[in-house]
Amino acid sequence: MSKQHLLTPYSKNITLNNRIVMAPMTRSRANNEGNVPTDDLHGLYYEQRASAGLIITEGSQVSSKAVGYINTPGIFTEAQLQGWKKVTKRVHDKGGKIFIQLWHVGRISHPDFHDGELPLSASAINPNTKSYTPEGFKDTVTPKEMTITDIKTTVSDFQNAAKNAVKAGFDGVEIHSSNGYLFHQFFSESSNKRRDEYGGSIENKTRFFFEVLDAMKEVIPQEKIGARFNPSLNGLFGMTIDKDTIPTFEYIIKKLNNYNLAYVHLSEPFTDVSETPYAVTEIAKHFRPLYNGTLMINTAFDQEKGNKIIEEGYADLVAYGKPFISNPDLVERFKNNLDLAEWDQDTFYTTGAKGYTDYPKTSK
């Protein structure tokens with residue numbers, strides 16, 4: 001392969017040794033009473049992958065009300081903070097950089113996680129999907145529509161999580177405003193029927209996100225904050241594209257030019273939306289002209305496609321998910337044009353080292 005743009009350094013608010021990013025991926029390894037990340041599992045897992053230009057951790061809940069999956073680590077207790085401090089040290093000792101993804105799943109949850117109380121969302125609309133609970137997959141329920149107090153509390157939760165991330169030694173944070181979770185639920189007409197200042201107009205539906213962003217930049221520099229979006233998500237997590245969907249994300253991305261973020265992280269469509277009304281089929285190409293800052297793209301990129309999209313100027317960074325699970329030395333494999341190891345999907349959401357820290361590096 002000729003020049004690999006993926007392997008070139010990058011510096012604009014965020015300075016990276018290469019443009020290969022480890023994408024955030026739920027791995028369900030915090031199977032302890034406090035959902036604390038551990039040194040022997042989380043620490044080793046991320047250390048093994050420290051050659052990435054940037055690591056973005058699995059989604060980490062900002063409060064007990066944010067939980068929606070079993071065994072996912074949080075960033076709201078002192079024990080969790082101390083657990084993450086060990087992780088960041090191991091990554092930094094290997095010369096890597098690591099952001100934590102801050103997460104609230106909203107209605108993609110179940111009362112089993114909340115002592116029988118309903119999960120929260122923009123409106124009381126059941127996403128009609130599944131929640132992965134301690135007793136296995138269960139049908140989601142109709143959530144509680146968040147009160148203004150609930151919203152303000154959640155803003156504070158994200159701000160506190162950002163404070164904890166700084167204390168834990170993270171190089172930055174990513175707001176998980178994607179994939180049908182809480183912020184996405186406010187963005188979408190299919191999940192937000194509010195008639196107050198958080199519903200109706202595009203400005204109102206995005207207000208919550210920007211309130212969180214504004215609160216977070218009081219405690220962490222803007223250039224250490226990233227945000228993730230999935231504009232053409234359709235038919236998953238209860239999300240349905242309509243005529244206002246893409247204009248809503250265009251509004252968000254343009255408004256983010258007024259900030260000085262580390263990056264905006266976008267996903268290409270998870271499913272085929274070529275026949276879906278109002279959808280955009282090529283996200284990076286559509287949104288690149290609208291955003292002046294660093295643009296990260298993900299979803300189903302391989303080595304060739306990653307190099308090409310950077311060369312064409314549609315993205316600055318490319319995030320890889322599953323290939324990083326089974327190839328802790330993904331950067332080295334790309335550099336030497338080596339074959340990639342296959343991942344074992346059956347172990348993605350299990351516990352323990354199998355399918356997590358036991359993938360070998362290449363012998364080369």
Side-chain angles (χ1 to χ4, degrees), residues 4-27 37 42-60 73 75 84-85 87-103 161-162 165-166 168-178 216 220-229 256 259-268 284 291 293-299 301-303 305-307 309-310 314-325 327-335:
Q4 294 203 55
H5 297 271
L6 285 167
L7 298 176
T8 60
Y10 184 77
S11 184
K12 183 178 181 180
N13 283 2
I14 186 170
T15 300
L16 307 176
N17 291 331
N18 59 67
R19 301 171 186 239
I20 302 170
V21 177
M22 180 176 168
M25 293 173 284
T26 303
R27 299 308 309 277
H42 298 81
L44 178 58
Y45 173 71
Y46 288 115
E47 177 191 86
Q48 290 172 336
R49 291 152 179 83
S51 59
L54 175 67
I55 290 172
I56 309 172
T57 74
E58 61 217 279
S60 301
I75 184 65
W84 281 120
K85 187 177 289 187
V87 174
T88 60
K89 183 181 186 304
R90 291 183 74 146
V91 172
H92 291 153
D93 285 350
K94 290 293 185 179
K97 290 194 173 178
I98 183 168
F99 275 37
I100 185 171
Q101 188 186 63
L102 303 182
W103 196 24
V166 172
F170 282 101
D171 298 292
V173 302
E174 178 179 283
I175 306 172
H176 196 353
S177 33
S178 186
M216 286 174 54
I220 186 172
Q222 293 181 58
E223 61 269 21
K224 293 188 175 184
I225 302 174
R228 187 181 187 191
F229 305 96
L256 286 174
Y259 293 78
N260 195 31
L261 300 187
Y263 59 81
V264 164
H265 182 181
L266 301 178
S267 296
E268 296 290 352
Y291 187 58
T294 298
L295 188 67
M296 182 190 301
I297 192 69
N298 79 14
T299 306
F301 281 87
D302 58 15
Q303 182 180 0
K305 291 178 181 178
N307 280 303
I309 202 160
I310 294 175
Y314 294 119
D316 303 299
L317 310 171
V318 181
Y320 292 86
K322 293 175 183 177
F324 251 121
I325 290 178
N327 298 275
D329 56 344
L330 184 67
V331 174
E332 289 77 11
R333 290 182 189 245
F334 279 2
K335 181 179 181 179

Subject >> For the student: nearest non-hydrogen atoms of F324 and R49, plus distance >> reply: O-NE, 2.8 Å
Original post:
Going through the distances and angles, do I175 and M216 end up as a side-chain contact (heavy atoms from CB on, under 4.5 Å)?
Top reply: CA-CA 10 Å; I175 306 172; M216 286 174 54; 3.8 Å; yes
**OP:** Check the surroundings of atom CG in N17: do more than 12 heavy atoms from other residues, nucleotides or ligands lie under 6.0 Å from it?
**Re:** no
Original post:
In this structure, which one of V91, I75, V87, I100 forms a side-chain contact (heavy atoms from CB on, under 4.5 Å) with T57?
Top reply: I100
Original post:
Do V21 and H265 come within less than 4.5 Å of each other through their side chains, counting heavy atoms only?
Top reply: no
**OP:** With E58 as reference, evaluate H42, Q101, H176 under the side-chain contact (heavy atoms from CB on, under 4.5 Å) test and give the passing residue.
**Re:** H42
**OP:** Find out whether L54 and Y263 are in side-chain contact, i.e. whether some heavy atom of one side chain is under 4.5 Å from a heavy atom of the other.
**Re:** yes
Original post:
Which pair of non-hydrogen atoms, one from E223 and one from A262, has the smallest distance, and what is that distance?
Top reply: O-CB, 3.2 Å
Original post:
Tell me, do R333 and Q303 make a side-chain contact under 4.5 Å, heavy atoms counted?
Top reply: no
Subject >> Of V331, I310, L317, I309, the residue whose pairing with L6 passes side-chain contact (heavy atoms from CB on, under 4.5 Å) >> reply: I310
Original post:
Just one of W84, Y46, F99 clears the ring-ring contact (aromatic ring centres under 6.0 Å, His included) bar with F170, so which one?
Top reply: W84
Original post:
Going by heavy atoms in the side chains, are N18 and F334 under 4.5 Å from each other?
Top reply: no
